[in-house]
Every structure is written in structure tokens, then in C-alpha cells.
Amino acid sequence: QVQLVESGGGLVQPGGSLRLSCAASGSIPSINAMGWYRQAPEKERELVAISSTIGSTNYADSVKGRFTISRDSAKNTVYLQMNSLKPEDTAVYYCNVRAVGGFSRNYEYWGQGTQVTVSS
């Protein structure tokens with residue numbers, strides 16, 4: 001089955017940096033987009049950044065200029081470089097993959113989540 005394995009989370013001080021990775025494996029269909037969502041304690045899940053196959057990117061306003069999403073299509077891997085981290089960035093970060101299979105069927109996959117904690 002398809003698996004998304006995340007890594008790179010941890011504890012960092014405000015102003016610090018982390019890089020998250022998400023590698024997709026298994027019988028995955030054609031990927032249209034890979035991205036990152038996050039969910040802070042007692043808050044709703046929100047989009048952080050997304051990268052499409054055609055190269056377009058989209059970021060939440062709260063992370064623009066600080067976070068950068070990138071992809072390695074050959075490895076089915078997406079990265080999130082997080083700089084100038086703030087306490088409000090503290091959340092569980094989830095990798096998300098959207099794909100299309102046979103008969104134009106749409107698929108969506110989620111990683112297990114990785115904890116990012118920004119605290120002094």
C-alpha cells in the first residue's frame with residue numbers, strides 16, 4: 001500500500017530552522033501535488049504549503065518568506081524548509097499527496113505527522 005513517511009520534526013528555539021521531509025512509496029498513481037498541512041493544539045488543520053507537478057507553489061500567508069517547499073519527483077519526496085521559526089509555528093505537520101489513477105480517479109494520501117515545537 002501507499003505510505004508517506006515523514007521526518008525532520010523536533011524542538012527548536014524561536015528564530016531557528018528545521019527541514020521536514022516526506023517520502024512516498026508503494027503503488028502510488030500519478031502525483032499531481034505534494035504539500036504540507038499543520039494542526040496546532042485545539043486548532044483546525046490548515047494548509048502550510050503545496051507544490052504542484054507543473055511547478056506552481058502556494059503558501060499560507062503566515063509562512064510566506066520564511067518557509068520554502070521543494071520536491072524531488074524522482075524520489076517522490078517533498079521537503080519543507082522552515083526558517084525564522086516562531087512559537088506559533090508549533091504544530092503537528094502532515095504531508096499530503098494528491099494523485100490521479102486509472103479512469104481519472106482521484107486519490108489523497110496523508111503522512112503520519114511529525115511534531116514541530118518552537119519554544120525558548
Side-chain angles (χ1 to χ4, degrees):
Q1 70 275 20
V2 173
Q3 294 186 71
L4 304 182
V5 180
E6 301 180 31
S7 63
L11 174 65
V12 65
Q13 293 184 334
S17 298
L18 287 173
R19 190 181 74 161
L20 306 183
S21 299
C22 174
S25 63
S27 300
I28 193 167
S30 180
I31 296 174
N32 287 338
M34 303 183 75
W36 295 91
Y37 289 74
R38 68 185 181 187
Q39 187 166 15
E42 301 184 3
K43 292 186 177 181
E44 295 183 355
R45 184 184 63 185
E46 64 176 353
L47 174 68
V48 177
I50 190 166
S51 176
S52 72
T53 303
I54 62 174
S56 63
T57 58
N58 190 30
Y59 296 90
D61 289 340
S62 60
V63 307
K64 287 181 179 178
R66 301 188 297 119
F67 291 10
T68 302
I69 189 170
S70 61
R71 295 175 62 186
D72 185 339
S73 297
K75 298 181 179 180
N76 286 334
T77 300
V78 63
Y79 306 92
L80 185 68
Q81 179 65 47
M82 304 184 293
N83 299 325
S84 301
L85 283 162
K86 304 175 181 179
E88 51 262 44
D89 295 318
T90 296
V92 177
Y93 285 69
Y94 296 94
C95 178
N96 173 262
V97 173
R98 297 172 182 176
V100 177
F103 302 100
S104 298
R105 293 189 178 97
N106 295 318
Y107 299 89
E108 186 173 44
Y109 308 99
W110 292 92
Q112 81 281 4
T114 185
Q115 177 70 48
V116 172
T117 302
V118 184
S119 177
S120 59

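Scope of the values below: all heavy atoms of this structure, side chains included, with no hydrogens, waters or symmetry mates.
In this structure, the separation between CD on Glu88 and OG on Ser62 is 8.5 Å, given to the nearest 0.5 Å. Atom-to-atom distance recorded for Ser30:OG and Arg98:CZ is 14.5 Å, nearest 0.5 angstrom. Tyr59 contributes atom OH, which lies 10.5 Å from atom NZ of Lys64 (distance to the nearest 0.5 angstrom). Interatomic distance, Trp110 CH2 to Glu6 CD, rounded to the nearest 0.5 Å: 9.5 Å. The CD atom of Gln115 sits 9.5 Å away from the CG atom of Leu11 when rounded to the nearest 0.5 Å. In this structure, OG1 on Thr114 lies 10.0 Å from OH on Tyr94, to the nearest 0.5 angstrom.
Minimum heavy-atom separation, Leu80 to Ala49: CD1-CB, 4.2 Å. When all heavy atoms of Gln39 and Glu44 are compared, the closest pair comes out as CG-C, 4.1 Å. Closest approach of Val116 and Gly9 over heavy atoms only: CG2-CA, 4.2 Å.
Here the side chains of Pro29 and Val100 are not in contact, with every heavy-atom distance at 4.5 Å or above. Taking 4.5 Å as the limit, some side-chain heavy atom of Pro14 sits within range of a side-chain heavy atom of Pro87. Looking at Tyr79 and Thr68, their side chains never come closer than 4.5 Å, going by heavy atoms from C-beta outward.
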Tell me, with the steps shown, if Met82 and Val12 meet side-chain contact (heavy atoms from CB on, under 4.5 Å).
CA-CA 11 Å; Met82 304 184 293; Val12 65; over 6 Å; no
Set out, in order, the CA-CA distance, both residues' side-chain angles and the distance that settles side chain to side chain donor-acceptor pair (under 3.5 Å) for Glu108 and Asn106, then state yes or no.
CA-CA 7 Å; Glu108 186 173 44; Asn106 295 318; over 6 Å; no
Going through the distances and angles, do Arg38 and Val63 end up as a side-chain contact (heavy atoms from CB on, under 4.5 Å)?
CA-CA 12 Å; Arg38 68 185 181 187; Val63 307; 4.0 Å; yes
Given side-chain contact (heavy atoms from CB on, under 4.5 Å), test Cys95 with Trp36 step by step and report yes or no.
CA-CA 5 Å; Cys95 178; Trp36 295 91; 4.0 Å; yes
Full working for side-chain contact (heavy atoms from CB on, under 4.5 Å) between Asn76 and Val97
CA-CA 10 Å; Asn76 286 334; Val97 173; over 6 Å; no
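Note: Tyr93 and Phe67 have tilted aromatic rings, judged against thresholds of 30 and 60 degrees for the angle between ring planes.
With a 6.0 Å radius and a threshold of 12 heavy atoms from other residues, nucleotides or ligands, Gln1 has its CD atom at or below the threshold.
Residues Val5 and Met34 are members of separate hydrophobic clusters, defined by side-chain heavy-atom contacts under 4.5 angstrom among Ile, Leu, Val, Met, Phe, Trp and Tyr. Linking Ile, Leu, Val, Met, Phe, Trp and Tyr residues whenever their side-chain heavy atoms come within less than 4.5 Å leaves Val92 and Val48 in two separate clusters. Hydrophobic clustering keeps Tyr37 apart from Leu18 (ILVMFWY residues linked when any side-chain heavy atoms are closer than 4.5 Å, directly or through intermediates).
With 3.5 Å as the limit, one finds no donor-acceptor pair spanning the side chains of Asn32 and Thr53.
The salt bridge (charged side-chain N to carboxylate O under 4.0 Å, His left out) contacts involving residues 65-79 comprise Arg66-Asp89, where partners must be two or more places apart or lie in separate chains.
At distances below 3.5 Å, not a single donor-acceptor pair connects side-chain atoms of Ser120 with backbone N or O atoms of Gln13.
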